[in-house]
Number of protein chains: 2
Amino acid sequence: MIKATDTKNKILDLAAELLQNRGYKGFSYAHIAAELGIKNAAVHYHFPTKADLGTAMITRFREQFQSWTAHLDNKYPQQVEHLLDGYIAVPRSFIKNDNVVCPLGVLESDFNILPDTMQRETRGLSYDMRAWFSGVLNLGREQGIFEFSGPAADKALMITAALQGASLMAGAESPELFETTVTQIKRDLGLKPDVVL
Amino acid sequence: MIKATDTKNKILDLAAELLQNRGYKGFSYAHIAAELGIKNAAVHYHFPTKADLGTAMITRFREQFQSWTAHLDNKYPQQVEHLLDGYIAVPRSFIKNDNVVCPLGVLESDFNILPDTMQRETRGLSYDMRAWFSGVLNLGREQGIFEFSGPAADKALMITAALQGASLMAGAESPELFETTVTQIKRDLGLKPDVVL
DNA sequence: GTCTATAACGTGATAGAC
DNA sequence: GTCTATCACGTTATAGAC
């Protein structure tokens, strides 16, 4: 992950990390300002209200996810095992050091206290993820690589929920809980757990 | 669910609802006092610090879960389909009106900002749940009722993570996401989705 | 684009009367 | 067991100088 050099993107990077670590009410403009060596008011210059900052963060999450899947689709066309691994890599990437939690899980957990614009973007992010992954599962079953019963959309929902829940557990307990969940998901798809990362 | 009549338990009931709706930093002594028609200081009398209140809540969640599983084990001995439904009923019970989210998901999402005692109890609750459910899955497979590969503990972890993630999604998007996830979980266990509630 | 200064508010918490 | 009164602090946010 390339770190931004301009202040605006530095703020977004740091705010995202703080959100994932501490929840929406758990981080403040003061945290951001202190860490970046600037003042409170400077952060407000770039994002007038916290709702603006929060909404921009989620919009960026959506853009990043879209870029990631476009990259995967391009690099591994129709190679569903790699696409699955790419999808799993998203929540896994957050379970490093203390960065800890998948943003969607935090946003959904804090959903009722989020400003309207953040609620809308959160739903959009959730939808985007399931929609793409649903296509991957469907294709993989047609190819005879994935085995499961029921609609691909249902299976996509279930796996996405499991990855999200496992990401939360990993942050609170142990990272291995995430990996064990992934292993079981792959078993349930009829895959050997040793698929290349 | 029987509502408590004494103040101390009224506080716990309400605090739990607020926690599940708004996260740990999203509720305050003022919220509780206003709703119960008492004053800030009265709440502090029963729970001197917020950490005390939070810890007591989780301890009660653990006791309630233990009572619930004891009840299930007694009412449906060795009847794994009913035990499974009883386990699913826990997160489902929170998806009514706006009560919305499974406590464990919120606590794990807010984990890094929780006081030490709350962190310990949260881990304990998570462990309790998976441990009991792991036994149910193992028994069900021995009986030939559940079909799955891999260790029962892994499958229990995966299903628990899925229920937790689905509970969060239900709160943020639509309750049906929870039910669809449950349907898929049952399909993956080789069950018909029409098992008695 | 960043600063100083400050406003207006909510928070967790305490002392002491009743 | 609940009250009034109060405190110290962190929060989001704004005005205006540089």
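So you know, we letter chains A, B, ... as the sequences are listed, proteins then strands, and number each from 1. Bear in mind that the values here come from a model prediction, so they are computed numbers and not experimental data.
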Any cation-pi pair here, K50(A) with F27(A), using under 6.0 Å and within 45°? yes
How is the base pairing of DNA chain C summarised as a dot-bracket string, given the Watson-Crick and G-U wobble criteria with both distances under 3.5 Å, [ ] for crossing and | for another strand? ||||||||||||||||||
Whole angstroms only, please: what is the NZ-P distance between K8(B) and dT2(D)? 12 Å
Measuring to OP1 and OP2 of dC3(D), would you say a side-chain N or O of K39(B) lies under 4.0 angstrom away? no
Given dT11(D), is OP1 or OP2 found less than 4.0 Å from the side-chain N or O atoms of S28(A)? yes
T7(B) side chain, from C-beta outward: closest of dT14(C), dT14(D), dT2(D): dT2(D)
Considering only heavy side-chain atoms of H46(A), the closest of dC3(D), dC3(C), dG1(C) is dG1(C)
Does any part of the side chain of L168(B), heavy atoms only, come nearer than 4.5 Å to the side chain of F111(A), both counted from C-beta? no
Tell me: CG of L18(B) to C1' of dG12(C), nearest whole Å? 16 Å
Consider the side chain of A42(B), meaning its heavy atoms from C-beta on, and name the nucleotide among dG12(C), dC3(D), dC3(C) that approaches it most closely. dC3(D)
Whole angstrom is fine here: how far is it from NZ in K50(B) over to P in dG12(C)? 4 Å
Measure the distance from NE2 on H44(A) to C1' on dT14(D) and round it to the nearest whole Å. 9 Å
Does the Lys NZ or Arg CZ of R187(B) fall within the cation-pi geometry relative to F148(A) - under 6.0 Å from the ring centre and within 45° of the axis? no
From dT11(D), dA13(C), dA13(D), nucleotide with atom closest to Y29(A) side chain: dA13(D)
Rounded distance (Å) that lies between atom C1' of dG10(C) and atom CD1 of I32(B): 15 Å
Report the distance from atom CG of N40(A) to atom C1' of dT12(D), rounded to the nearest whole Å. 8 Å
Could you work out which one of dT11(D), dC3(D), dG1(C) sits closest to the side chain of H31(A)? dT11(D)
Answer with yes or no whether the side chains of T69(A) and Y87(A) bring together a donor and an acceptor at under 3.5 Å. no
Between K155(A) and D188(B), does any NZ, NE, NH1 or NH2 come within less than 4.0 Å of an OD or OE carboxylate oxygen? yes
Mutual orientation of the aromatic rings belonging to Y29(A) and H44(A) [parallel < 30°, tilted 30-60°, perpendicular > 60°]: parallel
Of dT11(D), dT11(C), dC3(D), the nucleotide closest to the side chain of A30(B) is dT11(C)
Whole-Å distance, I113(B) CD1 to dG10(D) C1', equals 14 Å
Checking contacts here: which listed nucleotide (dT4(D), dA13(D), dT14(D)) is nearest the side-chain heavy atoms of T49(A)? dA13(D)
On DNA chain C, compare the nucleotides closest to K25(B) and G37(A); which residue's is nearer the 5' end? G37(A)
Do M118(A) and E121(A) come within less than 4.5 Å of each other through their side chains, counting heavy atoms only? no
A quick test of your reading: do over 12 heavy atoms of other residues, nucleotides or ligands sit less than 6.0 Å from CD of Q143(B)? yes
For F47(B), answer base if it contacts any base atom (sugar-phosphate contacts may also be present), sugar-phosphate if it contacts only those atoms, and nothing otherwise; contact means non-hydrogen atoms under 4.0 Å. nothing
Is any side-chain N or O of Y45(B) closer than 4.0 Å to OP1 or OP2 of dT2(D)? no
